[in-house]
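The structure appears right after this line, and notes come after that.
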Number of protein chains: 2
Amino acid sequence: MRPKIYLFGDSITEESFDDGGWGASLAHIFSRTVDVVLRGYSGYNTRWALKVVERVFDPPVERGGDGGAQPLAVTVFFGANDACLPDRCSAWQHVPLPEYKQNLHAIFSFFKARWPNTIILFITPPPIDEAARLRYPYVENLLGLSERTNEAAGAYAKACIAVAEECRCPVVDIWTKMQQNSNWKNAYLRDGLHLSRSGNKFVFEEVVVKLKEQGLSVEKLPVDLPLIADIDPKDPLKSFQK
Amino acid sequence: MRPKIYLFGDSITEESFDDGGWGASLAHIFSRTVDVVLRGYSGYNTRWALKVVERVFDPPVERGGDGGAQPLAVTVFFGANDACLPDRCSAWQHVPLPEYKQNLHAIFSFFKARWPNTIILFITPPPIDEAARLRYPYVENLLGLSERTNEAAGAYAKACIAVAEECRCPVVDIWTKMQQNSNWKNAYLRDGLHLSRSGNKFVFEEVVVKLKEQGLSVEKLPVDLPLIADIDPKDPLKSFQK
């Protein structure tokens, strides 16, 4: 049975199999080696994620088979909702920064206890284009002020990095890396928060690099059944003997 | 645990999570309800598929959990390689038409015995643009003749439909349906065989329609955890009580 990579996060994960999405791109490059399993929950913050993580990831089955097998990796991609400002129109999704850190620690501990050898890869929230957030409101915005700011997102991104360092696990800092492109607002975001096609490609490539640094890449994984290039045209069925 | 839809087929399935692919599009619309699991094997014909089907789909686990749960559906999408002509450059992938039918029957029987209530959805091979096949050779082609013809693909498509009727299971006839568009060669194919972006959209939409006819659609499936729209902003945690 194939190993798995889980993608756990909010809407930026849930929509990652849409056209050009970073999750679909991962599933594509691992098409013969890994099942990439989507566990994205639009709108969720770390407080809610922590409440449901045990239900999302069922306990391992005590048996010889693969039901209890550890996944190769799990991406943990929360913070964009936690970082909603507490005095603006999406305040109910806000989680205070100290609690965000605690929640990320608790999510990390949950995975580490269940799967000691699984790569746990944090991804920071993306930067925010506040003007675009006003142009694309998700809810009624009577204040006329962006419900998220880039400064707040940056504070949560830094907190995410700090937790990753404390847990000694890898992190993709898209908040910082995206802003290294001066055109980041138009290039990587489509509504000031969610990823454009280029933004999806950016996250995909960063995740691939980080997984590779951790020793996880398609070249090193066993291929599910013989590749066409490895089948002998003169005696194809030889390849399928058990 | 979420139910599954398996995609079992050749390269047109294996590459279905590439940019705009029909598999990724399925995974996207079912993002909170179903795990769409990729089991595509580039170059494979039904003879090889039948040899490996037991290994691809492990026996159900005898336990109370979900390991033995029946998937909601499995797509069976073979024939493009069986239909390689026996006297041309990809002859080693050819499977005679009577054996193709037998193999499809056997694959159907395998799934039906294992999962009596699972929707088994056949997909015919696509039409072939022979001129494009000469422009995009996969192997050395000394004869200068296309290794596949549209006529042969059509015979295999008709055989696939006949098997589906005999098995009383649904079938997507992309060979016929694509050719109803006079521009099918340029619109739906990128190398005379594999699907273009529009071809992927076409297959995706046909599969969605057929699954819906069988009673399987996203609207009818339980959603994994509360949707953001169903969470009470005044008391979000209420939604996460078990």
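Chain letters run A, B, ... following the sequence lines, proteins first, then strands; residues in each count from 1. For clarity, every value in this text was computed on a predicted model and none was experimentally measured. We use all heavy atoms of the structure for the numbers below, so side chains are in, but hydrogens, waters and symmetry mates are not.
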Shortest non-hydrogen contact from A/Ser42 toward B/Arg32: N-NH1, 3.5 Å
Side chain / backbone / both / neither for A/Glu15 at chain B, heavy atoms under 4.5 Å: both
pair B/Arg2-A/Val37: side-chain heavy atoms closer than 4.5 Å: no
Any B/Asp224 side-chain heavy atom under 4.5 Å of A/Arg55 side chain: no
Closest heavy-atom pair and its distance - B/Pro233, A/Trp92: CA-CE3, 3.3 Å
Spacing of CD1 belonging to A/Ile228 relative to OH belonging to B/Tyr41, to within rounding of 0.5 Å: 14.0 Å
Distance in Å, A/Lys51 NZ paired with B/Leu225 CG, rounded so as to fall on 0.5 Å steps: 13.5 Å
B/Arg197, part contacting chain A, at a heavy-atom distance under 4.5 Å: side chain
Interface moiety of B/Asp19 toward chain A, non-hydrogen atoms closer than 4.5 Å: both
Taking every non-hydrogen atom, the tightest pair across A/Ser31 and B/Leu38: CB-CD2, 3.7 Å
Near-ring test A/Tyr44/B/Phe240, centroid separation under 6.0 angstrom: yes
Inter-residue atom distance A/Gln93.CD - B/Ile231.CD1, 0.5 Å rounding: 8.5 Å
Residue among B/Ser16, B/Ala27, B/Gly21 with most heavy-atom pairs under 4.5 Å to chain A: B/Ala27
Salt-bridge present (B/Lys4, A/Asp35; N to O < 4.0 Å): no
Closest non-hydrogen atom pair between B/Phe17 and A/His28, with its separation: O-CB, 3.4 Å
Straight-line distance of A/Ile29 CD1 to B/Asp18 CG, nearest 0.5 Å: 11.0 Å
